[in-house]
Amino acid sequence: MSNDTVRLTQSVKGAGCAAKIAPGILDKALCGLDLPVDPNLLVGLERADDAAVYRVSDDLALVQTVDFFPPMVDDPFSFGQIAAANALSDIYAMGGVPKTAMNIVAFPASTMDISILRTIIEGGLSKMREAGVVLVGGHTVEDSELKYGLSVTGYIHPDRILTKRSLQCSDRLILTKPLGTGIVATAIKAGLADQALTNRVTQAMATLNRDAALIMNDFSVHACTDITGFGFLGHLAEMVVDSGFGVRISASEVPMFPEALEWAAMGLIPAGAYNNRSFRGAFVYFATSVPQRVQDLLFDPQTSGGLLIAVAAGEAERLVAALIAGGIDCAAIVGEVIAKPIDRIVVE
Amino acid sequence: MMKELDCRGMNCPAPVLHVRDTLAKEVSIDIAVLVDNEAARQNVSRFLEHQSYQVQTEPQEGGFRVVGTRGEGAYVPPAASPTQEVIRPGTGKKIMVLVTSGHMGHGDDALGDMLMFNFIKTLKEMGSDLWCVAFVNSGVSFTSKGSEAVPLLQELVENGVQILACGACLAYFHILDKMQVGEVTNMLDIVTGMKRADSVITV
């Protein structure tokens, strides 16, 4: 099998972050586990944040994350880039700076040419280089389905950690990448997406969240997360639940790939979107004016999605302007933190 | 003629593509699709609705049977006649009905249950004046799995009536996941709806 003709997406069942295990099921595995306690563990498993933070000294903490998944695009180099950008994103979402990474690989060596793996890792390396990250090792296992990702370690100042759970009333919410990659990946798998769109979506997924993270550092950002497998509303729900506030989202302001809307109406929706909806749907009230296909996109599992940033209301317009000036074209204010309904998301 | 397709054991997006390819070859047929998971059920339903089919789902051993019908005169595809609307007798008013309880009136609740069900069944006689039916408090049970009103409300939806169910009420009775017809709504929508309606009938 040659490197040029193989279609990676045909070799696997799930695609990208859409392959993430359903959140409700994961909760059953993790809930009530006896976790070791350590005063230096500033952000751990029980908080379910983007990455873990461990304090080394008063002015230095390690921030760690791991992410890997099956391919959502056919091109091996692009897959490597996207998987790396996706793994690095968790560090940026915490406000950290990634430093070292290790490859995680599951590869069907008996059925797939090993040169494909080389190309995937080259793609990953190109993103690590761009991020100023050193590849220090890795681990590869034989598996019937291809998977690739990174374990990443970075630095962060213990006083400047950006978690998901520190919304303040009247904060504005800003999203930095368009939604719809899960649905587009399904369309790619179905052979319905043309090359131009595939390139556009691939580029969005392969874009590091580094620039957005650097830009937001100059503003009064209160909370941040990155949008991946649980979808926009799933990750937003993690910010909102137990926050004591509610959130109002203006569906028409949320950046989306227009083609994904059409495919959503056609029923090319990954199972992950339905899982996300059944897990978090109870926290979301949709106005009747929000079409079904838009609701589907808001729950669509994203691969290497954008940052969702909660910033002080007075600085929101300036932050969006700075993001756009920094090349993050689709950055937009998509909603605001409101007093009521508490712990709920209203989509209008 | 009803075409049967077995899409069990297929992963997303294969069932939708299978249905699409079948319809591309044989136009204007009714179709029944067997699927074995919830995502496939919803995706196939969305696809068929998008293709102007009327869709009904029946649970079946190990999954669902999604039936798409294109009965003569049952539905006018919007693409074929963009300006044409289904004409129903009416005076052009917008009536909103607010159902606040599982039963109608006070006295005997068993009688009240029967009356309310009968009321919902008869609502369609309002014709095209009936614009919206909103369910609050224990009234939301009519939109949920197990209620005999579900197919009646489904029929209203097909005739362009908005069916709304209060999200907080569904959550309160722990039946949010069991809602089968209409859309989840909030008090703001209900109040806005009352303002837009020409008249509001509360039962």
Side-chain angles (χ1 to χ4, degrees), chain A residues 9-10 12-15 18-19 22 24 182-193 246 248 262-293 295-296 299 301 338 340-348, chain B residues 7 9-21 23 33 35-53 55 66 68 131-132 134 162-172 174-179 182-190 192-193 196:
Chain A
T9 59
Q10 298 303 302
V12 295
K13 224 172 74 174
I183 289 165
V184 172
T186 308
I188 290 174
K189 202 169 171 178
L192 294 177
R248 183 190 297 124
E262 182 58 25
W263 286 321
M266 253 185 78
L268 285 176
I269 299 165
Y274 296 111
N275 293 338
N276 290 340
R277 189 176 188 127
S278 61
F279 185 57
R280 292 300 195 182
F283 295 94
V284 183
Y285 298 152
F286 286 105
T288 48
S289 56
V290 182
Q292 182 68 53
R293 59 182 188 278
Q295 299 184 20
D296 290 333
F299 278 115
I338 52 181
K340 282 180 177 177
I342 290 171
D343 294 356
R344 294 290 183 276
I345 301 166
V346 179
V347 183
E348 293 175 348
Chain B
C7 294
M10 287 186 194
N11 283 314
C12 170
V16 164
L17 298 178
H18 203 45
V19 173
R20 183 195 64 164
D21 293 346
L23 295 183
V33 187
V35 292
D36 61 6
N37 65 82
E38 177 62 21
R41 176 183 80 77
Q42 297 215 31
N43 279 340
V44 168
S45 302
R46 275 173 175 62
F47 177 79
L48 288 172
E49 278 162 8
H50 190 63
Q51 304 294 316
S52 306
Y53 276 78
V55 179
V66 183
W131 168 61
C132 166
Q162 272 193 66
I163 303 293
L164 306 176
C166 155
C169 310
L170 289 162
Y172 184 86
H174 304 291
I175 51 173
L176 244 168
D177 55 340
K178 297 197 173 62
M179 199 184 98
E183 291 161 274
V184 179
T185 191
N186 52 47
M187 204 47 91
L188 180 65
D189 274 348
I190 293 176
T192 316
R196 284 175 60 199

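By convention in this document, chain letters (A, B, ...) are assigned in the order of the sequence lines, proteins followed by strands, and residues within each chain are numbered from 1.
- For a residue to count as touching a neighbouring chain, one of its non-hydrogen atoms must lie under 4.5 Å from one of that chain's; by this rule B/Leu48 does not touch chain A.
- The shortest side-chain heavy-atom distance between B/Val16 and A/Ile269 does not fall under the 4.5 Å cut-off.
- Heavy atoms closer than 4.5 Å to chain A are found in the side chain of B/Glu183, but not in its backbone.
- For A/Ser278, no part sits under 4.5 Å from any heavy atom of chain B, backbone or side chain.
- To the nearest 0.5 Å, the span separating CD on B/Gln42 from CD on A/Gln292 amounts to 7.5 Å.
- For B/Phe47 against A/Met266, the heavy-atom pair with the smallest separation is CB-O, 3.0 Å.
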Open item on the list: Pair B/Leu17, A/Leu192 - check side-chain contact (heavy atoms from CB on, under 4.5 Å), show working.
Closed with: CA-CA 10 Å; B/Leu17 298 178; A/Leu192 294 177; 4.2 Å; yes
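- The minimum heavy-atom distance linking A/Ala265 with B/His50 is given by the pair O-CB, 3.4 Å.
- To the nearest 0.5 Å, the span separating CG on B/Asn186 from CD on A/Glu348 amounts to 7.5 Å.
- In this structure, chain B has no heavy atom under 4.5 Å from any part of A/Ala273.
- Rounded to the nearest 0.5 angstrom, A/Tyr285 OH and B/Leu170 CG are separated by 9.0 Å.
- Among all heavy-atom pairs drawn from B/Arg46 and A/Gly267, the shortest one is CB-CA, 3.9 Å.
- Neither the backbone nor the side chain of B/Ala40 comes within less than 4.5 Å of any heavy atom in chain A.
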